[in-house]
Amino acid sequence: MSEFWSKTGEMITKFLVWAIENHPGKLIGTSLGFVLGLLMVTLGFWRTVILALFAILGFVLGKRQDDNKIITTWLEKNFRKY
């Protein structure tokens, strides 16, 4: 039984490497669509939207941190008018 799972894992790994090399957009789009669909079914529409907004905000803030840009400057610039 262990040999079956190791061969299955090897085949899945080979497929994922091939898909990333040849069709990265399709793989990412399909994966994202699957995850969003699963979240919609389990959490509902509005909870999924809020979760996605927080994930996008976290990505943007993390990217700014990785690029060595000061987050507080960006926050002050964008939220000064409020």
Side-chain angles (χ1 to χ4, degrees):
M1 193 67 154
S2 176
E3 183 179 333
F4 168 76
W5 288 112
S6 65
K7 285 185 179 181
T8 303
E10 185 179 320
M11 288 175 55
I12 291 172
T13 303
K14 284 181 182 179
F15 171 75
L16 288 175
V17 168
W18 172 83
I20 289 172
E21 290 175 353
N22 296 309
H23 303 286
K26 292 177 186 175
L27 181 66
I28 291 170
T30 303
S31 301
L32 186 62
F34 177 77
V35 169
L36 284 176
L38 190 61
L39 287 172
M40 292 253 189
V41 168
T42 58
L43 298 178
F45 177 76
W46 291 111
R47 289 182 180 172
T48 301
V49 169
I50 291 171
L51 181 65
L53 288 175
F54 277 115
I56 291 168
L57 179 65
F59 174 80
V60 168
L61 293 176
K63 182 171 178 2
R64 290 191 62 82
Q65 181 70 27
D66 288 344
D67 294 342
N68 294 323
K69 295 181 180 176
I70 301 172
I71 295 172
T72 55
T73 306
W74 179 78
L75 290 173
E76 288 173 2
K77 183 178 111 180
N78 289 315
F79 293 105
R80 184 177 306 175
K81 52 190 163 195
Y82 300 114

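Quick note: numbers below take in every heavy atom, side chains included, and nothing from hydrogens, waters or symmetry partners. Positions are given from 1, in the same order as the sequence printed here.
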Query - Summary of side chain to side chain donor-acceptor pair (under 3.5 Å) pairs that have at least one residue in residues 27-41, sequence neighbours excluded - result: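 Counting only pairs at least two positions apart or across chains, no side chain to side chain donor-acceptor pair (under 3.5 Å) contact touches residues 27-41.
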Query raised in the report: Can you pull the side chain to side chain donor-acceptor pair (under 3.5 Å) pairs that have at least one residue in residues 54-63, sequence neighbours excluded?
Result: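 Of all non-adjacent pairs touching residues 54-63, those that pass side chain to side chain donor-acceptor pair (under 3.5 Å) are K63-D67.
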Let me confirm one number: the [atom1]-[atom2] distance from [X] to [Y], rounded to the nearest 0.5 Å.
X: R47; Y: L39; atom1: CZ; atom2: CG; answer: 12.0 Å
X: M11; Y: K7; atom1: CE; atom2: NZ; answer: 10.0 Å
X: E21; Y: L27; atom1: CD; atom2: CG; answer: 11.5 Å

Query raised in the report: Got a sec, which pairs hit ring-ring contact (aromatic ring centres under 6.0 Å, His included) with one end in residues 38-73, sequence neighbours left out?
Result: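 Every candidate ring-ring contact (aromatic ring centres under 6.0 Å, His included) pair involving residues 38-73 fails, so no pair, neighbours aside, qualifies.
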Query - Pairing residues for E10 by the salt bridge (charged side-chain N to carboxylate O under 4.0 Å, His left out) criterion, not counting sequence neighbours - result: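 Listed in chain order: K14.
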Query raised in the report: Under a single-linkage definition using a 4.5 Å side-chain heavy-atom cutoff for Ile, Leu, Val, Met, Phe, Trp and Tyr, are V35 and L43 assigned to the same hydrophobic cluster?
Result: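 Yes, one cluster joins them.
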Report task. Only counting residues at least two apart or in another chain, list the ones meeting side-chain hydrogen bond (donor to acceptor under 3.5 Å, both in side chains) with K26. Result ->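 Expected list: none.
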Report task. Could you tell me which residues satisfy side chain to side chain contact (heavy atoms under 4.5 Å, CB included) with I28, sequence neighbours excluded, listed by chain and number? Result ->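 Residues passing side chain to side chain contact (heavy atoms under 4.5 Å, CB included) with I28: none at all.
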**Report entry** For I12, side chain to side chain contact (heavy atoms under 4.5 Å, CB included) partners two or more places apart
**Finding:**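 Counting only residues at least two positions away or on another chain, I12 forms a side chain to side chain contact (heavy atoms under 4.5 Å, CB included) with T8, L16.
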